[in-house]
Amino acid sequence: MKDVARLAGVSTSTVSHVINNDRFVSDAIREKVESAIKSLNYAPSAIARSLKIKQTRTIGMLITASTNPFYSELVRGVERSCFERGYSLVLCNTEGDEQRMNRNLETLMQKRVDGLLLLCTETHQPSKEIIARYPSIPTVMMDWSPFDGDSDLIQDNSLLGGAMATQYLIDKGHTHIACITGPLDKTPARLRLEGYRDAMARAGLEIHEGNEIIGDFEFGGGFEAMQKLLTLKVRPQAVFIGNDAMAVGAYQALYQAGLRVPQDMAIVGYDDIELARYMTPPLTTVHQAKDELGELAIDVLIHRIADPGQQQQRLQLTPVLMVRGSA
């Protein structure tokens, strides 16, 4: 910047005002500065700027990515919200590995991200020691809260969503209803299963042996789980499936068995991924407001950055049933 100022015959503060466009500079002076910048091939240093203003304008995100489209749609919403608010997103995939998760966590903290979003698994929790070393960096947990600390929490009301999906099947006249749930080390999976059980209990309906199957929230897990249900002596009339990715796999298992949805088996999914409306028939599912979830997470982080002393926030989104053709 000093070299640019010297060549243009102005002060370094004038160069800064031209670059940041934060104060009036005459057209003649601006032209001199821009000519000097071009001549010297100068580019501002984001690192130097962040040291000066003590902000990097970046948000870090730790996520256990998978083939489940829900995650990519959620990240898309988070990234869009970051961009609209003048922040960049640094995304790290943990692959469900604790060592990799903590190494990525340390890297994000060392890079002094302004805030951190966590969407991982509860089996492998981020290191409390690492987070404690960087007390000024606020954290938002998405879907679950593994710490007793001050992290903000944003989650879907999975208990209500599971009950809502099951109740819809009951209202359609089904009495023999099974559930394919996600891995029980994830709070949303446990709550959706609990919602299913609550709705069945309220209706006075029996959950038959073998009608609760633990899946993995992936396409293949839904395929295998449905195959297991089809081997039962008495096949269920309907299935509540804990997410849409597994519902896609379940559709394929039914297709290979020569069975039709919903005539031979009614299905309700969860998440309302974009693919759900293009399935045959379109999938009835519980809508998760992924864009709103991402937007809320970023807004909570930015508010926490601006006011670190504010009270811990726990926000819960209300699920909505999207009725289509599968149930």
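No experiment lies behind these values; they were computed from the predicted model shown.
- Side-chain contact between Leu153 and Leu315: absent, with no pair of heavy atoms (C-beta onward) separated by less than 4.5 Å.
- Remark: the backbone N or O of His303 is paired with a side-chain donor or acceptor of Gln310 at under 3.5 angstrom.
- Sorted by first and then second residue, the ring pair (Phe, Tyr, Trp, His ring centres under 6.0 Å) pairs with a member in residues 183-213 read His176-His208; sequence neighbours excluded.
- Taking the side chain as every heavy atom from C-beta outward, Arg324 and Asp272 approach each other to under 4.5 Å.
- Environment of CD in Gln263: crowded, with over 12 heavy atoms of neighbouring residues, nucleotides or ligands closer than 6.0 Å.
- The closest donor-acceptor contact from the side chain of Thr14 to the backbone of Val10 lies at 3.5 Å or more, if one exists at all.
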Exercise for review: Check the pair Tyr42 / Ile19 against side-chain contact (heavy atoms from CB on, under 4.5 Å), numbers first and verdict last.
Suggested key: CA-CA 11 Å; Tyr42 168 75; Ile19 292 170; 3.5 Å; yes
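- For residues 273-285, every residue pair satisfying the side chain to side chain donor-acceptor pair (under 3.5 Å) rule, not counting sequence neighbours, is listed here: Asp244-Thr285.
- The closest side-chain donor-acceptor pair between Tyr270 and Asp156 falls under 3.5 angstrom.
- Side-chain contact check for Cys92 versus Leu108: some heavy-atom pair is nearer than 4.5 Å.
- Proximity of Glu84 to Glu295: side-chain heavy atoms (C-beta onward) are nowhere separated by under 4.5 Å.
- Counting only N and O atoms by type, the side chains of Asn102 and Glu106 include no donor and acceptor under 3.5 Å apart.
- We find the NZ-CG distance between Lys290 and Leu293 to be 9.5 Å, quoted to the nearest 0.5 Å.
- Cluster membership for Met246 and Val268, using ILVMFWY side-chain heavy atoms within less than 4.5 angstrom, is not shared.
- In this structure, Asp114 contributes its side chain and Ile59 its backbone to no donor-acceptor pair below 3.5 Å.
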